[in-house]
Amino acid sequence: MATPFLAGLAVATAALAGKYTIQAWQAFKARPVGSRMRKFYEGGFQPTMTRREASLILGIREAVTAEKVKEAHRRVMVANHPDAGGSGYLASKINEAKDVLLGKAKNSGSAF
C-alpha cells in the first residue's frame with residue numbers, strides 16, 4: 001500500500017517541479033533584452049553645447065572643480081584621441097565640453 005502512495009507522491013512532485021520550471025523559463029524569456037548596465041544619454045549633440053551636455057560627455061556633474069574637469073577630460077580623451085584610432089569629431093566635442101565647463105567656450109561651437 002505504501003508503494004503506490006510513494007509513486008503517486010513522486011509523480012506529483014515531478015509535475016509540480018516541472019510546472020514551476022516552465023514558469024521560470026517563460027519569465028526568463030520575457031525579460032527585457034537590453035543589458036543591465038547603466039543607461040547612457042541617448043540622442044545627438046545640440047547645436048550649441050550646454051553645461052548639461054558637456055557634463056554628460058565628460059561623465060561628471062555640472063558643478064565640479066576645474067581639476068575634476070581636467071581629469072575627466074584627460075580620461076575621456078585618452079580613450080577617444082584621433083591618434084589612437086578615435087574620431088576627430090568626438091575629440092572636438094570633448095574639447096568643447098571641457099571649454100564649456102571651464103568657462104572658456106567660444107560662440108563658434110565645434111570645428112565640424
Side-chain angles (χ1 to χ4, degrees):
M1 175 108 176
T3 303
F5 176 74
L6 291 176
L9 188 61
V11 169
T13 304
L16 196 60
K19 175 185 170 185
Y20 285 116
T21 302
I22 290 171
Q23 286 177 350
W25 177 251
Q26 288 174 346
F28 176 76
K29 287 188 341 185
R31 77 187 194 298
V33 178
S35 66
R36 300 269 183 218
M37 296 178 64
R38 87 177 176 173
K39 285 266 193 177
F40 290 100
Y41 177 71
E42 296 175 3
F45 295 111
Q46 298 174 0
T48 303
M49 187 173 294
T50 62
R51 289 186 61 82
R52 180 177 186 275
E53 184 180 21
S55 64
L56 287 171
I57 289 171
L58 295 179
I60 56 177
R61 296 185 184 270
E62 288 183 48
V64 294
T65 63
E67 185 174 314
K68 292 265 186 192
V69 171
K70 291 176 185 176
E71 179 182 318
H73 173 265
R74 178 171 171 76
R75 179 178 33 83
V76 175
M77 189 55 107
V78 165
N80 295 291
H81 199 277
D83 291 345
S87 165
Y89 178 72
L90 288 179
S92 72
K93 284 297 193 179
I94 294 166
N95 287 330
E96 184 180 355
K98 179 189 77 163
D99 290 342
V100 166
L101 290 176
L102 292 178
K104 300 178 184 176
K106 300 173 186 154
N107 293 334
S108 63
S110 175
F112 292 94

Taking every non-hydrogen atom, the tightest pair across G88 and P82: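 So the two residues come closest at CA-CG, 3.9 Å.
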
Where A97 and M49 come nearest, the two heavy atoms and their spacing: CA-SD, 3.4 Å

Nearest-0.5 Å distance that lies between atom OG1 in T50 and atom CG in L101: 9.5 Å

Separation of L9 CG from T13 OG1 (nearest 0.5 Å): 4.5 Å

Which side-chain N or O atoms in residues 16-24 pair as donor and acceptor under 3.5 Å with protein atoms at least two apart or in another chain?
unit_1: T21; atom_1: OG1; unit_2: A17; atom_2: O; d: 2.7

For residues 56-79, which side-chain N or O atoms pair as donor and acceptor with protein atoms under 3.5 Å away, sequence neighbours left out?
unit_1: T65; atom_1: OG1; unit_2: K68; atom_2: N; d: 3.3
unit_1: H73; atom_1: NE2; unit_2: N95; atom_2: OD1; d: 2.7

Side-chain cluster (under 4.5 Å, hydrophobic types only) that F28 belongs to, other residues: W25

